[in-house]
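In what follows, a structure is listed as structure tokens, so that the remarks can point back to it.
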Protein chains: 2
Amino acid sequence: MPNAKVLPLLESDAVVPCCPPLTERPMTAEEAESAARMFKALGDPVRLRLFSAVASHEGGEACVCDISDVGVSQPTVSHHLKKLKEAGLLTSERRGTWVYYRVEPSVLAAMGKLLAVPAAA
Amino acid sequence: MPNAKVLPLLESDAVVPCCPPLTERPMTAEEAESAARMFKALGDPVRLRLFSAVASHEGGEACVCDISDVGVSQPTVSHHLKKLKEAGLLTSERRGTWVYYRVEPSVLAAMGKLLAVPAAA
């Protein structure tokens, strides 16, 4: 498999906070693969609104039924939530009829750390 | 022009730091358009490595000649730097033969603020 690449896995229940601040040293290819995945997940306006809707919802969690207010169909909402989950940004739990989504704070913190501006800048 | 949309402009020399923390309240469509553009620009591994190379380079700036170490051609490097500039993440200045790129700290700070985790979380 000459083109096979082993990518770091970001499982939603075992998230490895990634990478030093972007301003500290050039990222390695492996670090960039991992971090770009998180940024890409937030690089869509609808996905970003949904993420924000979950993140800011009462109790820090929301089901599709709570956040269908972004002008797209419920299947589309579910699709975007799945993408956010795959990127490790949300975790989910089924309770009765609904799946509840919750922001993974360690991942948010890791992304915030990546973007930290040096005090001297 | 029924499909025309006016998108917020993020000019590299007049960057408007955007949006409250994602956890504070649901983003509006306009805020999400603006912020998603920045996240999308960092959502590519090569682009993220280049951004990190510029951000961590001596003096906080770099030309294409300094950062061709990511395994892609110089035209590709230039293309990605242009995309980062269009997203408002880098500014550039021509000096003699080379164009020098510099990270826009206010934009980094705005993205870091977006991802801020509440102290209580």
Task: Winner by heavy-atom pair count (cut-off under 4.5 Å) against chain B, out of A:Lys40, A:Arg25, A:Glu24, A:Met27 - done: A:Met27
Task: Non-hydrogen atoms of B:Asp44 and A:Ala36 that approach each other most closely - done: C-CB, 3.7 Å
Task: Partner chain A: residue of B:Ala55, B:Ala109, B:Gly60 with the largest heavy-atom pair count (under 4.5 Å) - done: B:Ala55
Task: Under 4.5 Å from a heavy atom of chain A, the part of B:Ala41 involved - done: neither
Task: Which of A:Gly71, A:Gly43, A:Gly112 touches chain B most, by non-hydrogen pairs under 4.5 Å - done: A:Gly43
Task: Spatial distance of atom CZ (A:Arg47) from atom CZ (B:Phe39) [nearest 0.5 Å] - done: 12.0 Å
Task: Check: A:Ser56 main-chain N/O paired with B:Thr23 side-chain donor or acceptor under 3.5 Å - done: no
Open item on the list: For a quick test of reading the model, state the closest non-hydrogen atom pair linking B:Leu48 to A:Ala32 and the distance between them.
Closed with: CD2-O, 3.8 Å
Task: Straight-line distance of B:Leu42 CG to A:Leu115 CG, nearest 0.5 Å - done: 7.0 Å
Task: Nearest non-hydrogen partners of A:Arg49 and B:Thr28, listed with the distance - done: NE-C, 3.8 Å
